[in-house]
Amino acid sequence: ISTYLQLLTMLAKARQPAEASNLFNALLQDNLRPTTAIFTALLIVLTKTNHFTKAVKDFESMRLYEGCLPDKYTYTAMIKGCCEAGLYDQARKIFNEMIVEGVKPTIFTFNTLIFGYGKAGRFRDIERVLTLMDSYGVKSDTVTWNTLIRVFGLHNRIPAMEQAYEGLLGQGLLPDVVTLNSLLSAYGKAGLFEKMHSVTDYMVRYSYPMTTVTYNTIIKMYGMAGEIDQVDMAFKRMETEGVKPN
RNA sequence: CGGCUUCCUUC
């Protein structure tokens, strides 16, 4: 069953829903019993590939298999799927069901909700989630702040984004490469190139790795702004820094 | 140890 789980996880990453369904049937034919993790992996591939209705059906029917009750992973995956499908009421319903079933939401659950609402610009809902999180005694982590920074950046809410960055520092956490790449993306989108530079300076000063993603972000942002010379410089710098283009 | 969240990769 571990073999099947590993294979399903790979198929989820590769977004191969048909192959994943075939594999699930093969597992049954091998007289193996599916597990909650197997169903979760299956739900992930389905929601990732716009087979949301099928995912809900499997989410409902998994309970018919012995020992296959949804757990914190399953609920979080379904909440993410609902948000990506734009079904926020459904996401909330599944969260409530999770609570009723006695499955404790984790930081993953809350971060997923924040990202889902944030992408859609539902900032009131984010506030609600943060309050809820507090009431469950779950403490925000770097990913929480990164998520807030990302979603505010996506919506060009630069002051709110910078407030989230301050929140991260205020909690005694350090930015990671995802934080800084998100800042680069937002500043680039807003045309705040001086601020982009202060982020890259910061990365150099504190020895953050300038990854392929970092350079891809810089190239994309300058490209969108029509700053072709900057694009060229960034690409050449990748080569001199030994960062491989992907 | 293996399945859930945040950065570029069709906007």
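Note on naming: letters A, B, ... go to the chains in the order of the sequence lines (proteins, then strands), and numbering restarts at 1 for each one. Please read all numbers here as calculations on a predicted model, not as lab measurements.
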Visitor: Hey, does A/Ser182 reach any base, or is it just sugar-phosphate, or nothing, if we go heavy atoms under 4.0 Å?
Guide: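 Sugar-phosphate contact only.
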
Visitor: So which pairs with a foot in residues 148-196 of chain A pass ring pair (Phe, Tyr, Trp, His ring centres under 6.0 Å), sequence neighbours left out?
Guide: A/Phe123-A/Phe152, A/Phe123-A/His155, A/Phe193-A/Tyr222

Visitor: Taking B/U6 as the reference, what is the distance to B/C11 when you measure between their P atoms (whole Å, please)?
Guide: 16 Å

Visitor: Considering every strand and a 4.0 Å limit on heavy-atom distances, what is the contact class for A/Asp176: base, sugar-phosphate, or nothing?
Guide: nothing

Visitor: Taking 5' to 3' order, which nucleotide of RNA chain B is first and which is last to have an atom within less than 4.0 Å of a heavy atom in chain A?
Guide: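 Endpoints of the contacted stretch of RNA chain B: B/G2 to B/U9.
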
Visitor: Return each pair, listed once, that meets ring pair (Phe, Tyr, Trp, His ring centres under 6.0 Å) where at least one residue sits in residues 48-67 of chain A; pairs must be two or more places apart or across chains.
Guide: A/Phe39-A/Tyr65, A/Phe59-A/Tyr75

Visitor: Just call it for A/Leu180: base, sugar-phosphate, or nothing, with non-hydrogen atoms closer than 4.0 Å on any strand.
Guide: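 Nothing, no heavy atom under 4.0 Å.
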
Visitor: Is it true that A/Arg150 and A/Thr179 share a donor-acceptor pair across their side chains at a distance under 3.5 Å?
Guide: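 Looking only at side-chain atoms, A/Arg150 and A/Thr179 do not form any donor-acceptor pair under 3.5 Å.
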
Visitor: For A/Thr217, answer base if it contacts any base atom (sugar-phosphate contacts may also be present), sugar-phosphate if it contacts only those atoms, and nothing otherwise; contact means non-hydrogen atoms under 4.0 Å.
Guide: sugar-phosphate

Visitor: Please collect all side-chain hydrogen bond (donor to acceptor under 3.5 Å, both in side chains) contacts where either partner lies in residues 11-21 of chain A, sequence neighbours excluded, each pair once.
Guide: none

Visitor: Would you mind classifying the nucleic acid contact of A/Thr147 as base, sugar-phosphate or nothing, using non-hydrogen atoms under 4.0 angstrom?
Guide: sugar-phosphate

Visitor: Output all residues satisfying side-chain hydrogen bond (donor to acceptor under 3.5 Å, both in side chains) with A/Thr200, sequence neighbours left out; order by chain, then residue number.
Guide: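 side-chain hydrogen bond (donor to acceptor under 3.5 Å, both in side chains) check on A/Thr200 returns nothing, list empty.
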
Visitor: Touch check for A/Thr35, heavy atoms < 4.0 angstrom, all strands: base, sugar-phosphate only, or nothing?
Guide: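 Here A/Thr35 touches no strand at all.
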
Visitor: For A/Arg128, give me all partners under side-chain hydrogen bond (donor to acceptor under 3.5 Å, both in side chains), at least two apart in sequence or on another chain.
Guide: A/Asp125

Visitor: Checking all strands, does A/Lys80 fall into the base, sugar-phosphate, or nothing category for heavy-atom contacts under 4.0 angstrom?
Guide: sugar-phosphate

